[in-house]
There are 2 protein chains.
Amino acid sequence: MTRIVFEKPDAVALVAEVFRELGYEGASMSSITARTKLSKGSLYHFFPGGKEQMAAEIMAHIDAWFVTEMFRPLEEGDPRAAIARMWETTDTYFRSGRRVCLIGAFALDETRDRFSSAIQNYFQRWIEALAGALTRAGLAAAEARMLAEEVVVGIQGALTLARALGDDAIFGRTLARLKERLGAAIEESVPPARII
Amino acid sequence: MTRIVFEKPDAVALVAEVFRELGYEGASMSSITARTKLSKGSLYHFFPGGKEQMAAEIMAHIDAWFVTEMFRPLEEGDPRAAIARMWETTDTYFRSGRRVCLIGAFALDETRDRFSSAIQNYFQRWIEALAGALTRAGLAAAEARMLAEEVVVGIQGALTLARALGDDAIFGRTLARLKERLGAAIEESVPPARII
DNA sequence: TATTTTATAGACCGATCGGTTTAGAAGATC
DNA sequence: GATCTTCTAAACCGATCGGTCTATAAAATA
């Protein structure tokens with residue numbers, strides 16, 4: 001028999017796609033083995049805690065990726081550059097609306113109760129990181145916070161509607177609209193010194 | 001033994017709440033019987049087609065409700081009044097963000113493939129009905145369409161984030177923001193005759 | 001090359017899955 | 001009140017569930 005060998009990071013990524021497509025409850029062990037080609041033996045070798053551990057590690061992996069690629073730049077880097085990068089990262093990560101947000105999907109059913117703190121942390125950090133960047137770009141804290149919330153809400157909503165309507169274009173339009181709105185808000189708030 | 005008697009409309013509503021909480025795959029027959037107090041006998045009497053029929057009838061029921069309470073008024077009634085009513089209906093129906101959108105949740109995993117046309121119709125009609133009302137209120141068709149899309153996207157995103165953050169307040173804030181934006185757009189487009 | 005560790009394949013387990021059937025209670029019709 | 005239809009309760013079904021276990025192949029270490 002032909003034996004296929006996997007490394008754990010690959011296993012995490014492969015299983016993640018199955019959860020993304022089928023949801024936590026919808027992803028049965030047999031569907032995971034069928035779609036990833038990982039046998040049950042391999043899966044339980046990498047994830048002795050079973051489905052729950054798989055989901056937990058996947059979420060941690062996604063979170064870590066967003067932290068380095070998006071959150072930390074927003075928190076620490078040049079705000080305008082980091083925001084520009086955020087639009088690209090978002091569009092690329094979600095494959096222009098064709099890929100659902102696993103963490104957002106987990107939030108909707110009772111799967112949320114299993115992973116509530118991971119889910120909460122992810123969205124909270126996204127909103128706060130973006131709000132921080134907007135504040136450093138010159139916006140008032142309250143306005144920055146509201147706009148950051150609007151952006152993350154818009155991204156999640158657009159992902160839902162892109163799937164619901166079977167039309168990715170809505171994701172691109174939403175991203176463009178949000179980008180413009182943020183750009184306009186930053187423009188308006190340029191410090192007086194530069195206007196005079 | 002005490003026998004509990006149900007009528008079908010009640011059965012639909014009760015089962016709907018279970019799907020809402022657990023998702024389509026997460027809602028097992030045993031969890032449905034446990035939460036609704038409907039026995040398997042009753043459930044298969046009302047829904048001989050099993051889970052799939054339950055979900056289909058629930059979606060049809062939700063759709064019909066939205067048609068009479070929201071879509072038709074937007075399509076046919078006074079646009080400003082219908083839009084005002086829409087904000088109230090939305091807030092009430094989704095219990096200020098504590099209740100998820102079942103149709104939106106179904107859109108995210110492969111449950112979508114079972115009910116794709118019902119899901120698509122629901123969101124398409126919402127967007128088009130609202131765009132129609134905005135057009136009749138004086139907006140250009142393209143702007144109306146964009147704003148309508150923004151509103152439905154915002155509502156869906158806010159529902160996701162309300163659950164994810166465990167904070168209903170975001171739903172109210174989003175609704176208020178969208179309401180204000182729509183109001184401003186309508187104000188701006190009052191016909192010249194009324195300005196002069 | 002011998003030994004040990006790591007990872008894979010798949011049979012196997014009890015529990016639960018969605019769904020069916022049967023017996024009979026409650027409601028409706030006469 | 002007899003009859004018929006509607007509806008409920010729960011035992012029951014094969015299939016699938018998530019998870020365990022064993023044998024062994026491959027890789028790493030010696």
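Here is how names work: the chains are called A, B, and so on, in the same order as the sequence lines, proteins then strands, and each is numbered from 1. Note that these values count all heavy atoms, side chains included, but never hydrogens, waters or copies made by symmetry. Keep in mind that what you see is a predicted model, and the values were worked out from it rather than measured.
- In this structure, A:Thr160 OG1 and B:Ile119 CD1 are separated by 11.0 Å, a value rounded to the nearest 0.5 Å.
- Distance CG (B:Leu38) to P (D:dT6): 18 Å, rounded to an integer number of Å.
- Within residues 42-51 of chain A, the residues having any heavy atom closer than 4.0 Å to DNA chain C are, in order of number, A:Ser42, A:His45, A:Phe46.
- A residue-by-residue look at B:Gly41 and A:Glu25 shows that B:Gly41 has its nearest nucleotide of DNA chain D further toward the 5' end.
- Taking atom CD on A:Gln53 and atom C1' on D:dG19, their separation rounds to 13 Å, with Å as the unit.
- Look at B:Glu76 and B:Arg136 and you find no salt bridge, because none of the NZ, NE, NH1 or NH2 atoms lies under 4.0 Å from a carboxylate O.
- A donor atom on one side chain and an acceptor atom on the other are found under 3.5 Å apart for A:Ser39 and A:Ser42.
- Across all strands, B:Ser28 comes closer than 4.0 Å only to sugar-phosphate atoms, never to a base (heavy-atom distances).
- Comment: A:Glu17 does not engage A:Arg35 in a salt bridge, judged by the lack of any side-chain N to carboxylate O separation of less than 4.0 angstrom.
- Nearest nucleotide to the B:Lys40 side chain, out of C:dT8, C:dG19, D:dG18: C:dG19.
- No donor-acceptor distance shorter than 3.5 angstrom exists from the side chain of B:Ser31 to the backbone of B:Ala27, with no hydrogens or angles considered.
- Straight-line distance from the NZ atom of B:Lys37 to the P atom of D:dA10: 12 Å, rounded to whole Å.
- Distance A:Leu22 CG to D:dT16 C1': 15 Å, rounded to the nearest Å.
- For B:Thr92 and B:Thr89, the side-chain atoms include no donor-acceptor pair closer than 3.5 Å.
- Checking the phosphate oxygens (OP1, OP2) of C:dT8, no side-chain nitrogen or oxygen of A:Ser39 falls inside 4.0 Å.
- A cation-pi geometry, defined here as NZ or CZ lying under 6.0 Å from the six-membered ring centre and within 45° of its normal, holds between A:Arg99 and A:Tyr93.
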Using Watson-Crick or G-U wobble pairs with both distances under 3.5 Å, give me DNA chain D in dot-bracket, 5' to 3', with [ ] for crossers and | for pairs to another strand. ||||||||||||||||||||||||||||||

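- Note: CE (A:Met29) to C1' (C:dC13) measures 15 Å, nearest angstrom.
- For A:Arg114 and D:dG18, the CZ to P distance is 10 Å, given to the nearest whole Å.
- With values rounded to the nearest 0.5 angstrom, A:Arg163 atom CZ is found 10.5 Å from B:Ser116 atom OG.
- A side-chain donor-acceptor contact under 3.5 Å links B:Arg20 to the backbone of B:Val100.
- Distances shorter than 4.0 Å separate some side-chain N or O of B:Ser30 from OP1 or OP2 on C:dC17.
- Across all strands shown, A:Ala27 has heavy atoms under 4.0 Å from sugar-phosphate atoms exclusively, and none from any base.
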